[in-house]
There are 2 protein chains.
Amino acid sequence: MDQVDTRGKIVAAASYLFQTKGYAGTGLNEILRESGAPKGSLYYYFPGGKEALALAAIEQASHTMQAKVRQNLALAAEPVAAIRQVLADMIQALQNDGQLLTLSLSMLALETCHSSEPLRQACARSFREMAAIYTAKLAAGGYPPARAAEGGQLLQATIEGAIILSLTQKDTAPLQLLQSQLPDLLKPRNWQADSASGPD
Amino acid sequence: MDQVDTRGKIVAAASYLFQTKGYAGTGLNEILRESGAPKGSLYYYFPGGKEALALAAIEQASHTMQAKVRQNLALAAEPVAAIRQVLADMIQALQNDGQLLTLSLSMLALETCHSSEPLRQACARSFREMAAIYTAKLAAGGYPPARAAEGGQLLQATIEGAIILSLTQKDTAPLQLLQSQLPDLLKPRNWQADSASGPD
DNA sequence: GTCTATATGACGATAGAC
DNA sequence: GTCTATCGTCATATAGAC
């Protein structure tokens, strides 16, 4: 362990700035300044430079986001109610902090998917893992495996899109709309028709 | 009009580069080089500099995307089939051109929504207009106005998310999944149940 | 491990010739 | 309308002292 975990402070600041201002829009000097980390230590911890730092930042952000989603999903056994909690948490975060948030890797993914293969793959991996979390929740809620997988992926796409719209419009309406439409999205058919212990 | 529409060439190149490499990631020199426009003419046409150029580029991109969507929507009267055409066109574009495309303003929206109010508003306007196009199609297909509005907005969020996932994964699967799930998404209840089409 | 100093280049933007 | 030249600033990255 380092003195005060200088490396960790750098990654934390990088994670926030890369998510809010983008990869190209964030300078290394700004990251050092924001982190309060010693100025000479960046290339000591990240000999690979900006790209290596961004890789660590993406992985840390992904981990944090996954933990948050899991935590909210655990608040309800029934999938629709659980995902509503996830959305409610995002809405509250947006309302509390007018600033840009750490809700999505979309900007980094779009920026890097044609300029850096390692960073692109890190984002793709994060997206896959997040979809898997939703899928697992649906499966645990009684959805047949194939339907749960479809639902988890579609859910993630929709949530990602709603986050972008809410941020762009500076209005949580898109996320709230998704919240209200969730039952329809997740129960297009009676997936649990044959089961006596279905949700709702 | 100008000699060979130098301004138009600059905007076209800027529109492509800003969408694929981002606002911060695209240099003015690169835009001039790509456009083949005379090197001294950028600040003649855009005294407002990079931001003014980006504003024009966003508006042009938005107009192009809207025209494309309208064109595909017109291929079928029934909303689900029509939107399938829109998605099919996007999938084909992705498959034909491994390069990044001009399918979405999301990266620009995320980049600028906290750094430039004019650019943020331009992106927000584009998103609203695109949602309105989907809403109009649903309404024309017989959906009650309120349901059409909800469906249009949700549809746009989902499509935007699916584009991002497809680009990041370099795989059209997310868009194809959305294509296959469209009927469920747009018919959560029997909206067109003849005369008595009121949910709840 | 952390610091200063710096190499090297790209950036946005401007001035003035033609 | 277009060009060249350039200013000042910032970027990433490196070298070497301590």
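On a predicted model such as this, the values are computed, not experimentally measured, just so you know.
Look at OH on A:Y23: it is 10 Å from C1' on D:dT12, rounded to the nearest Å. Between the CD atom of B:E51 and the P atom of C:dC11 there is a distance of 19 Å, rounded to whole Å. One atom, CZ of A:F46, and another, C1' of D:dT12, lie 16 Å apart when rounded to the nearest Å. Distance CG (A:L28) to P (C:dT8): 19 Å, rounded to an integer number of Å.
With distances taken from any side-chain atom of A:K39 to the nucleotides D:dG1, C:dT4, C:dT2, the minimum falls on C:dT4. Taking the side chain of B:T6 as heavy atoms from C-beta on, and the options D:dT2, C:dT4, C:dT2, the nearest nucleotide is D:dT2. Residue B:S41 places its side chain closer to D:dT2 than to any other of D:dT2, C:dG1, C:dC3. Of the candidates D:dT12, D:dG1, C:dG1, D:dT12 carries the atom nearest the A:K50 side chain, counting heavy atoms from C-beta on.
Side-chain atoms of A:E111 and A:S115 include no donor-acceptor pair closer than 3.5 Å.
Contacts of A:N29 with the nucleic acid, taken as non-hydrogen atoms under 4.0 Å apart, include base atoms.
A sub-4.0 Å separation between OP1 or OP2 of C:dG1 and a side-chain N or O of A:Y43 is absent.
A salt bridge does not link A:E30 with A:R33: every distance from a Lys NZ or Arg NE/NH1/NH2 to an Asp or Glu carboxylate oxygen is 4.0 Å or more.
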